Amino acid sequence: MKVLVIGANGQVGHQLVEKLKDQGHQPVAMVRKEEQQKVFKDKGIDTVLGDLEKDFSHAFEDVESVVFAAGSGGDTGADKTIVIDQEGAIETVDNAKDAGIKHFVMLSSMGADQPKESDEKMKFYMYAKHRADEYLKSSGLDYTILRPGMLKNEAGTSKVRLFEGGTEMGEVPREDVANVLAHIVDTAKPENKTYYVLEGDTPVEDTLK
């Protein structure tokens with residue numbers, strides 16, 4: 001499939017693009033700057049220039065599946081989080097509807113289901129993620145939402161714990177989040193469900209069964 005990855009320059013997005021290519025898909029890495037394109041082009045990965053703060057509807061041409069993995073980052077304020085994590089995601093949903101996308105995959109966050117209960121420092125982030133998730137759910141698009149626990153940079157194990165509900169907290173390597181996202185795209189089985197992922201003992205390929 002031709003898969004548009006929004007946020008491809010981020011740590012999870014970058015790994016996801018490479019994994020999708022390895023699986024035989026045609027990922028398209030959406031990046032904001034021309035200088036960010038070279039690293040993908042050197043690996044034979046298609047790119048498209050697009051900015052979530054401007055019109056990026058052109059990026060959806062001939063695309064079958066979209067993964068929204070963009071984020072404003074931990075160093076920005078609430079204003080940028082609203083612009084990128086909330087409004088950027090919402091506009092992505094609108095663009096995907098207009099383009100007839102078959103499957104929308106949203107990278108969210110554990111805690112986005114209960115933003116009122118989040119830590120004061122994270123509250124605006126959780127509200128932004130919650131709003132984006134709810135907008136996707138009501139959009140009519142076929143979707144899968146993935147909410148990982150606390151992200152860490154250790155190498156992935158390709159083993160996780162994937163579940164549909166509960167309040168359990170924990171950690172998960174960014175690489176394994178990318179592994180699960182790639183598996184979600186690869187199965188092409190949108191069930192309009194929200195999954196939570198933590199480090200665990202189940203091989204990624206055995207999830208979603």
Side-chain angles (χ1 to χ4, degrees), residues 1-31 36 38-47 65-75 84-85 89 92 103-113 122 125-126 129 132-133 143-191 193-209:
M1 287 188 296
K2 189 173 181 180
V3 185
L4 176 64
V5 178
I6 294 178
N9 206 49
Q11 293 182 71
V12 172
H14 201 129
Q15 295 183 77
L16 171 61
V17 167
E18 294 184 2
K19 292 177 189 298
L20 288 172
K21 183 171 174 59
D22 290 343
Q23 290 175 349
H25 296 290
Q26 183 188 351
V28 180
M30 190 176 108
V31 294
Q36 294 170 336
K38 185 178 186 306
V39 65
F40 294 104
K41 288 181 175 177
D42 288 348
K43 296 175 181 175
I45 294 168
D46 292 337
T47 64
S65 184
V66 171
V67 181
F68 186 88
S72 56
D75 298 327
I84 301 300
D85 298 75
T92 302
H103 187 193
F104 193 113
V105 183
M106 179 80 83
L107 177 59
S108 182
S109 174
M110 197 166 280
D113 53 339
M122 295 294 292
Y125 173 78
M126 291 303 177
K129 289 296 187 187
D133 290 355
Y143 69 85
T144 306
I145 296 170
L146 184 67
R147 290 175 172 165
M150 186 76 71
L151 300 174
K152 58 181 185 176
N153 289 325
E154 282 89 339
T157 65
S158 293
K159 292 183 178 182
V160 296
R161 183 164 124 63
L162 195 73
F163 54 102
E164 288 187 56
T167 56
E168 182 181 348
M169 299 299 286
E171 298 181 325
V172 61
R174 284 180 168 85
E175 184 179 1
D176 281 333
V177 175
N179 283 328
V180 174
L181 287 170
H183 182 55
I184 288 170
V185 171
D186 198 45
T187 58
K189 189 177 144 191
E191 298 175 315
K193 287 187 176 180
T194 300
Y195 293 102
Y196 298 78
V197 63
L198 299 172
E199 52 194 352
D201 301 317
T202 304
V204 169
E205 62 268 22
D206 290 340
T207 60
L208 302 177
K209 288 186 176 178

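Computed from a predicted model, the values in this text were never measured in an experiment.
A heavy-atom distance below 4.5 Å is not found between the side chains of V197 and R147. You'll find the side chain of V180 reaches within 4.5 Å of the side chain of L146, heavy atoms only. Side-chain contact check for L107 versus F68: every heavy-atom pair is 4.5 Å or farther apart. With contacts defined as side-chain heavy-atom distances shorter than 4.5 Å, the pair T47/K41 qualifies. At a threshold of 4.5 Å between non-hydrogen side-chain atoms, the residues V105 and V66 do not count as touching. Using a 4.5 Å heavy-atom threshold, the side chains of F163 and Y195 count as separate. Counting heavy atoms from C-beta outward, T144 and M106 have side chains that stay 4.5 Å or more apart. For the pair N153 and Q11, the minimum side-chain heavy-atom distance is below 4.5 Å.
What you find for I45 and P27 is that their closest heavy atoms are CG2-O, 4.0 Å. Shortest non-hydrogen contact noted between A29 and V17 is CB-CG2, 4.2 Å. Residues P148 and V172 come closest through the heavy atom pair CB-CG1, 3.8 Å. When every heavy atom of A69 is checked against every heavy atom of G13, the shortest pair comes out as CB-CA, 4.4 Å. Between Q23 and A182, the shortest heavy-atom distance links the atoms OE1-O, 3.4 Å. Residues N179 and S158 come closest through the heavy atom pair ND2-OG, 3.6 Å.
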Just do the side chain to side chain contact (heavy atoms under 4.5 Å, CB included) check on L4 and V67 with the steps written out, would you? CA-CA 6 Å; L4 176 64; V67 181; over 6 Å; no
Go through the steps to decide whether V185 and L181 satisfy the test side chain to side chain contact (heavy atoms under 4.5 Å, CB included), and finish with yes or no. CA-CA 6 Å; V185 171; L181 287 170; 5.7 Å; no
Evaluate the criterion side chain to side chain contact (heavy atoms under 4.5 Å, CB included) for residue pair Q26 and M1; output intermediate values, then yes/no. CA-CA 6 Å; Q26 183 188 351; M1 287 188 296; over 6 Å; no
List the steps, then state whether side chain to side chain contact (heavy atoms under 4.5 Å, CB included) holds for H14 with F40. CA-CA 9 Å; H14 201 129; F40 294 104; 3.8 Å; yes
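One side chain, H25 or D186, offers a donor N or O that lies under 3.5 Å from an acceptor on the other. A donor-acceptor pair shorter than 3.5 Å cannot be found between the side chains of D133 and Y143.
In terms of modelled atom types and a separation under 3.5 Å, the side chain of S109 and the main chain of G111 share no donor-acceptor contact. Of the possible donor and acceptor atoms, none in the side chain of S108 sits under 3.5 Å from a partner among the backbone N and O of I145.
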Check residues 199-209 and write down every donor-acceptor pair under 3.5 Å in which the side-chain atom is one partner and the other belongs to a residue at least two apart or another chain.
{"unit_1": "E199", "atom_1": "OE1", "unit_2": "K152", "atom_2": "NZ", "d": "2.8"}
{"unit_1": "D206", "atom_1": "OD1", "unit_2": "K209", "atom_2": "NZ", "d": "3.2"}
{"unit_1": "T207", "atom_1": "OG1", "unit_2": "V204", "atom_2": "O", "d": "2.6"}

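Of the inter-residue distances, the one linking K2 atom NZ with L20 atom CG reads 14.0 Å to the nearest 0.5 angstrom. One distance of note links NZ of K43 with CG of D22; it measures 10.0 Å at 0.5 Å rounding. Separation of atoms CG (D85) and OH (Y125) is listed at 6.0 Å; rounding is to 0.5 Å. In this structure, CG on L151 lies 11.0 Å from CG on D176, to the nearest 0.5 angstrom.
Residues that satisfy the side-chain hydrogen bond (donor to acceptor under 3.5 Å, both in side chains) test with H183, not counting sequence neighbours, are absent from this structure.
Using a 4.0 Å cut-off between a side-chain N of Lys or Arg and a carboxylate O of Asp or Glu, K19 and E175 qualify as a salt bridge.
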